[in-house]
Number of protein chains: 2
Amino acid sequence: MSILCYAADMSLRIALLGLLDATGPASGYDLAKSFERSLNHVWQAGHTQIYPELVKMAADGLVAVESEGARGRKIYAITPEGAERLRSWLIEHEPTGAIRSEVALQAFLLPLLDKESAIAVVERIRARLQQRLAVLECKDPSKFGRYALNLGLSQGRSGLAWADETLAELRGLEPADQPAPAT
Amino acid sequence: MSILCYAADMSLRIALLGLLDATGPASGYDLAKSFERSLNHVWQAGHTQIYPELVKMAADGLVAVESEGARGRKIYAITPEGAERLRSWLIEHEPTGAIRSEVALQAFLLPLLDKESAIAVVERIRARLQQRLAVLECKDPSKFGRYALNLGLSQGRSGLAWADETLAELRGLEPADQPAPAT
DNA sequence: GATTGACATGTCAGCTCTTACATGTCACTC
DNA sequence: GAGTGACATGTAAGAGCTGACATGTCAATC
């Protein structure tokens, strides 16, 4: 019988609707740039995902093609139905706390490595976190995405603190694999 | 001509190899439980992903079926090749910092809501973060996954702090949509 | 007028992951 | 012996996403 009732993800749609609502009509190209610029620490999507999704959203009446300019440029605008959908998702959707993080996976597996390698791995993670934090710190905290920016800064700093503590702990270990010189 | 050189994800493989290396031979069922129990805040995978992946990994020589017990139970063990692959991934793989977080997406879109709705959304996020943090705080910090556990605790606490600050800020706003009564 | 590079839109193969469906064993209780 | 629930393993459809490929415009420089 096969009763299929997929709870489709919608996150990409919501992100696109959010950008259109917040900053007005835009082309797929613009939206891809916006993703790169402002949503990058929150959600990622390339143009290869965005263009087909806009077509589907237009078919579903959530956005409308407003005009076609030079260079085949198509401007999409959010429709009232799209705005409604966006707001009800925000208000009703219980976010899954699920995180898939390669950094955390490497952290999890650290005990498999000897001390030197573990230190090298944590140092690489630290550099990566530092770099991401620096990017966020350059952003304008008065712009639209400021709440997510604050969250990203907060998480970035706590990640960095974790890396420093972990490095200190690893370096504090005596050369022997097992710690506990006294207790 | 189509020269395909996909940088396949491998993360699921690595996670499985890591569990097998850390805790010894196990069945697919055990691994699914371990995922649920110890890796849940780092990576998620259900049995429907794990069973086929173990078969592929066996075909690639990374794991071996050790024995088949009652109830059709199959015990997998990591091979030397698997252990080697695991360690080189850990040491060589530059983790993508990419995060896809529905919580952060909701945070990003907060300015689209009126004050009351925004407060409700942040309160729901806060409850969710609190709940996840409570789960982590119950875990044994001396066990294998302790580095990732520390990272999760650190991130969880900073998320909670963000929620509290954001709530305070939202509640501090005067009823009018725009703040700035003085400057 | 030729080249270069930013602008602009798309397709497709193949991998990843989730959901639903499907099957069967074993231990224990009623 | 019938039913329940934990144990145990799978398949398949379809959504989500990445990377490679493909096409064409327009403005500025050489």
Side-chain angles (χ1 to χ4, degrees), chain A residues 1-16 25-37 39-40 42-60 63 65-76 96 98-102 105, chain B residues 1-16 25-37 39-40 42-60 63 65-76 96 98-102 105:
Chain A
M1 185 106 7
S2 205
I3 298 160
L4 298 182
C5 49
Y6 289 107
D9 210 20
M10 295 296 109
S11 304
L12 176 59
R13 281 183 170 213
I14 296 301
L16 290 171
S27 69
Y29 188 85
D30 296 331
L31 289 167
K33 293 286 163 196
S34 289
F35 252 95
E36 181 70 22
R37 216 181 333 102
L39 258 172
N40 196 48
V42 163
W43 207 265
Q44 301 84 44
H47 76 277
T48 59
Q49 230 189 318
I50 291 171
Y51 288 133
E53 190 64 28
L54 284 171
V55 172
K56 282 187 226 156
M57 288 163 75
D60 291 345
V63 296
V65 181
E66 264 203 340
S67 62
E68 311 209 4
R71 296 185 195 183
R73 185 179 167 87
K74 291 183 201 166
I75 307 295
Y76 291 91
T96 69
I99 294 283
R100 274 195 167 93
S101 159
E102 285 194 351
L105 182 55
Chain B
M1 184 104 14
S2 206
I3 298 160
L4 300 181
C5 48
Y6 289 106
D9 210 21
M10 295 295 110
S11 304
L12 177 59
R13 281 184 170 212
I14 297 301
L16 290 170
S27 68
Y29 189 84
D30 296 333
L31 290 166
K33 294 285 163 197
S34 290
F35 252 93
E36 181 70 24
R37 216 181 333 103
L39 258 173
N40 195 48
V42 164
W43 208 265
Q44 301 85 44
H47 76 276
T48 58
Q49 227 188 321
I50 292 170
Y51 290 133
E53 190 64 28
L54 284 170
V55 171
K56 282 187 225 156
M57 288 163 74
D60 291 346
V63 296
V65 182
E66 264 203 340
S67 62
E68 311 208 4
R71 297 185 193 183
R73 185 180 168 85
K74 292 183 200 165
I75 306 295
Y76 291 91
T96 70
I99 293 283
R100 272 193 169 95
S101 161
E102 286 195 351
L105 182 54

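Just so we're on the same page: letters track the sequence lines, and every chain starts at 1.
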Visitor: Is any side-chain heavy atom of Val65(A) closer than 4.5 Å to one of Tyr76(A)?
Guide: yes
Visitor: Is Arg13(A) near enough to dG16(D) that one of its side-chain N or O atoms lies under 4.0 angstrom from OP1 or OP2?
Guide: no
Visitor: Kindly point out which of dT9(D), dG10(C), dA8(C) is positioned nearest to the side chain of His47(B)?
Guide: dT9(D)
Visitor: Does Asp9(A) reach the side chain of Glu102(B), with side-chain heavy atoms less than 4.5 Å apart?
Guide: yes
Visitor: Specify the separation, in whole Å, of atom NZ of Lys33(B) and atom P of dA8(D).
Guide: 9 Å
Visitor: Among dG16(D), dC15(C), dA8(C), find the nucleotide with the atom closest to the side chain of Tyr51(A).
Guide: dA8(C)
Visitor: I'd like to know if Thr48(B) reaches the base of dT19(C) with its side chain, counting only an N/O donor and acceptor under 3.5 Å.
Guide: yes
Visitor: Can you pull out how bent the helix from dG1(C)-dC30(D) to dC30(C)-dG1(D) is, comparing the axes over its first five and last five pairs, to 10°?
Guide: 0°
Visitor: Can you figure out which of dT9(D), dT18(C), dT9(C) approaches the side chain of Gln49(B) most closely?
Guide: dT18(C)
Visitor: Rounded to the nearest Å, what distance is computed from the CZ atom of residue Phe35(B) to the C1' atom of nucleotide dT16(C)?
Guide: 13 Å
Visitor: Would you mind reporting whether Val63(A) and Leu16(A) have side-chain heavy atoms less than 4.5 Å apart?
Guide: no
Visitor: Of the options dC17(D), dG10(D), dT9(C), whose atoms approach the side-chain atoms of Lys74(A) most closely?
Guide: dT9(C)
Visitor: DNA chain D: Pro52(B) or Trp43(A), which has the more 5' nearest nucleotide?
Guide: Pro52(B)
Visitor: Phosphate oxygens OP1/OP2 of dT9(D): is one of them under 4.0 Å from a side-chain N or O of Tyr29(B)?
Guide: no
Visitor: Looking only at atom types and distance, does a side-chain atom of Arg100(A) sit under 3.5 Å from a main-chain N or O of Gln44(B), one as donor and one as acceptor?
Guide: yes
Visitor: So if I take every side-chain heavy atom of Arg73(A) and compare against dC17(D), dA8(C), dT18(C), which nucleotide ends up nearest?
Guide: dA8(C)
Visitor: Would a 4.5 Å heavy-atom cut-off, applied to side chains only, mark Leu39(B) and Ser34(B) as touching?
Guide: no
Visitor: In chain order, what residues pass the side-chain hydrogen bond (donor to acceptor under 3.5 Å, both in side chains) check against Asp30(B), with sequence neighbours excluded?
Guide: Ser27(B), Arg73(B)
